[in-house]
S.K.: 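Handing you a structure now.
Order of appearance sets the numbers: ligands from 1, and atoms from 1 within every ligand.
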Amino acid sequence: MTRRILITGASIAGCATAWWLAKQDCDVTIVEQAPAFRDGGQNVDVRGPAREVLRLMGLEQAVRDLNTGERGIAWVDDQNRTMARIDLSDLEGDGPTAELEILRGDLARLLYEASSPSTQYRFGERITDVVQDEKGALVRFKGGTEERFDLVIVAEGVGSKTRDMVFPGENTPRWMDLATAFFTIPRASTDSETARWYNAIGGRSAGVRPDHSGTTRAFLNIQGQRHLTTDRTVEQQKAFLKTCFEGAGWEVPRLLSGMETADDFWFDDLRQVKMKRWSADHVVLTGDAAWCVPPLGGVGASLALVGAYVLAGELAKNHSQSTAFTAYESILRPVVEKSQNIPKIVPRLTHPRSRVGITLLRAVQRVAASPAISKRATKSITPALQSFKLPRY
Ligand SMILES: Cc1cc2nc3c(=O)[nH]c(=O)nc-3n(C[C@H](O)[C@H](O)[C@H](O)COP(=O)(O)OP(=O)(O)OC[C@H]3O[C@@H](n4cnc5c(N)ncnc54)[C@H](O)[C@@H]3O)c2cc1C
């Protein structure tokens with residue numbers, strides 16, 4: 001009998017899972033709370049086994065064609081002088097800049113378009129209740145309708161409400177003491193194919209990265225306690241950042257002025273999702289909703305792609321859903337936990353408060369960027385993901 005599956009969240013995890021499930025002739029519906037497909041977002045990396053997943057989907061070349069063109073990264077001082085630099089061409093494999101860099105919105109859109117012919121997408125919709133019995137789940141929607149599904153896959157990202165409804169109190173988030181803002185600004189003559197990263201005193205950093213659309217992707221980071229990003233409106237968040245980055249130097253005034261008019265502004269306190277289990281009867285979590293490793297880890301999009309492949313593969317292999325969920329979790333949990341093993345001191349070390357701290361950081365960056373070290377360091381950027389062997393289904 002055809003499985004009737006509901007996925008909630010139309011981003012990387014949700015769209016990729018839909019693509020794989022539709023190949024098994026499942027009847028797949030995706031609900032997305034946004035009124036339309038969400039473009040937007042900055043560079044995400046596709047590494048190791050995730051690249052293989054894209055290859056199996058026939059999408060690797062399409063992702064290559066949309067590469068952001070980033071050739072490496074330079075750490076600069078307030079006069080824009082390069083203090084340390086790593087070029088992609090000097091590395092064996094992926095470094096801080098991965099070989100497959102793509103904008104989050106471009107990757108999500110590729111997956112959305114590839115899955116659209118075989119998936120029913122409903123935008124502006126979300127789940128308000130899930131009642132489970134031995135046969136499946138009865139789902140109530142915001143629009144007031146009710147429908148039965150054999151299985152519900154929650155791919156709603158880090159702040160998933162359906163996860164918190166079905167697994168109340170089970171997520172124990174690990175806050176990384178770092179808040180990050182992303183937004184797009186006009187390109188300037190100082191921008192190039194090399195990303196630039198600048199540290200200012202007070203635990204602040206700012207940077208720019210190239211894209212392929214003639215604009216520049218900017219970011220601002222503040223290390224410290226939580227900045228309660230969710231309790232503020234976008235206007236309040238922008239005002240907060242302007243105050244916070246006053247007098248920071250370098251090209252920060254340019255970034256702040258670009259931020260004023262940016263329509264893709266995103267600001268969040270980075271956190272990991274920590275769930276002791278990823279499924280409950282007929283509901284299963286995937287992507288950031290299950291295991292968010294914030295952008296610090298550089299593996300969020302890759303794990304979402306790998307997770308989609310393994311979840312669909314296990315559902316195809318096992319008639320019993322619960323056996324499939326157990327296998328899915330036992331295959332992925334080790335790589336997720338190792339990827340989440342980012343010491344909380346990392347944001348503190350990379351965001352010094354004092355001038356002396358910044359001088360020390362630059363010395364470390366110079367050593368790390370030297371060819372002998374950076375070649376070896378690339379292998380340890382995302383070791384758990386790089387060494388993960390994709391099961392064959
Ligand atoms: C707009 C946007 C911009 C991003 N920008 C970056 C970036 O610049 N750099 C980076 O590293 N990562 C970024 N991310 C996060 C990145 O996409 C994820 O870390 C990773 O790719 C895993 O994706 P995911 O599909 O699990 O979750 P996400 O990409 O977070 O997607 C979750 C989806 O679920 C939807 N959703 C949420 N709640 C509900 C609900 N109750 N009902 C229905 N739908 C719901 C969201 O609207 C979203 O489309 C961004 C995410 C989004 C949504």
S.K.: Return a yes/no value for Arg126: is any of its N or O atoms, backbone included, closer than 3.5 angstrom to an N or O of ligand 1?
M.R.: no
S.K.: Does Leu349 belong to the same Ile/Leu/Val/Met/Phe/Trp/Tyr cluster as Leu361, with side-chain heavy atoms less than 4.5 Å apart forming each link?
M.R.: no
S.K.: Applying the side-chain contact (heavy atoms from CB on, under 4.5 Å) criterion to Asn171, which one of Arg163, Arg271, Gln272 satisfies it?
M.R.: Arg163
S.K.: Before signing off on this row, confirm whether Gln42 and ligand 1 have an N or O atom pair separated by under 3.5 Å.
M.R.: yes
S.K.: Quick check on contacts: which atoms of ligand 1 are under 4.0 angstrom from a heavy atom of Gly157?
M.R.: 27 (O), 30 (O), 32 (C)
S.K.: Please check whether Ala13 reaches ligand 1 - meaning an N/O of the residue sits under 3.5 Å from an N/O of the ligand, judged on distance alone.
M.R.: yes
S.K.: Which label fits Phe37 and Tyr112: parallel for a plane angle under 30°, tilted from 30 to 60°, or perpendicular past 60°?
M.R.: parallel
S.K.: Students should be able to answer this: which protein heavy-atom is nearest to atom 9 (N) of ligand 1, and at what distance?
M.R.: Phe182 CE1, 3.6 Å
S.K.: Quick one: does Asp288 get an N or O within less than 3.5 Å of an N or O on ligand 1?
M.R.: yes
S.K.: Tell me yes or no: between the side chains of Asn80 and Arg196, is some donor less than 3.5 Å from an acceptor?
M.R.: yes
S.K.: From the options Asp281, Val139, Val166, select the one residue that forms a side-chain contact (heavy atoms from CB on, under 4.5 Å) with Val152.
M.R.: Val139
S.K.: Return a yes/no value for Thr286: is any of its N or O atoms, backbone included, closer than 3.5 angstrom to an N or O of ligand 1?
M.R.: no
S.K.: Does Glu329 use its side chain to pair, donor to acceptor, with the backbone of Trp278 at less than 3.5 Å?
M.R.: yes
S.K.: Pick whichever of Arg104, Glu32, Lys142, Gln33 has a heavy atom sitting closest to atom 3 (C) of ligand 1.
M.R.: Arg104
S.K.: Can you check which of Ala108, Ser160, Gly9 brings a heavy atom nearest to atom 34 (O) of ligand 1?
M.R.: Gly9
S.K.: Nearest to atom 46 (C) of ligand 1, what protein heavy atom do you find, and at what distance?
M.R.: Arg38 NH1, 3.4 Å
S.K.: Consider every N or O of Gly287 and every N or O of ligand 1, then say whether any pair is closer than 3.5 Å.
M.R.: no
S.K.: Looking at OH of Tyr328 and NZ of Lys317, how far apart are the two atoms once the value is rounded to the nearest 0.5 Å?
M.R.: 15.5 Å
S.K.: Side chain, backbone, both or neither: which part of Pro294 has a heavy atom under 4.0 Å from ligand 1?
M.R.: neither
S.K.: With heavy atoms only and a cut-off of under 4.0 Å, state how Ile127 meets ligand 1: side chain, backbone, both or neither.
M.R.: neither
S.K.: Yes or no: does Ala34 have any heavy atom under 4.0 Å from an atom of ligand 1?
M.R.: no
S.K.: Looking only at side-chain N and O atoms, does Tyr393 offer a donor or acceptor that is under 3.5 Å from a partner on Glu314?
M.R.: yes
S.K.: Which is closest to atom 32 (C) of ligand 1 by heavy-atom distance: Arg122, Arg163, Glu156?
M.R.: Glu156
S.K.: Is the contact between Val44 and ligand 1 made by the side chain, the backbone, both, or neither, using heavy atoms and a 4.0 Å cut-off?
M.R.: side chain
S.K.: With respect to Ile5, which candidate in Leu21, Asp150, Thr119 satisfies the side-chain contact (heavy atoms from CB on, under 4.5 Å) definition?
M.R.: Leu21
S.K.: Check for me, please, whether Trp175 and Phe267 land in the same ILVMFWY cluster - side-chain distances under 4.5 Å, paths through other members count.
M.R.: no
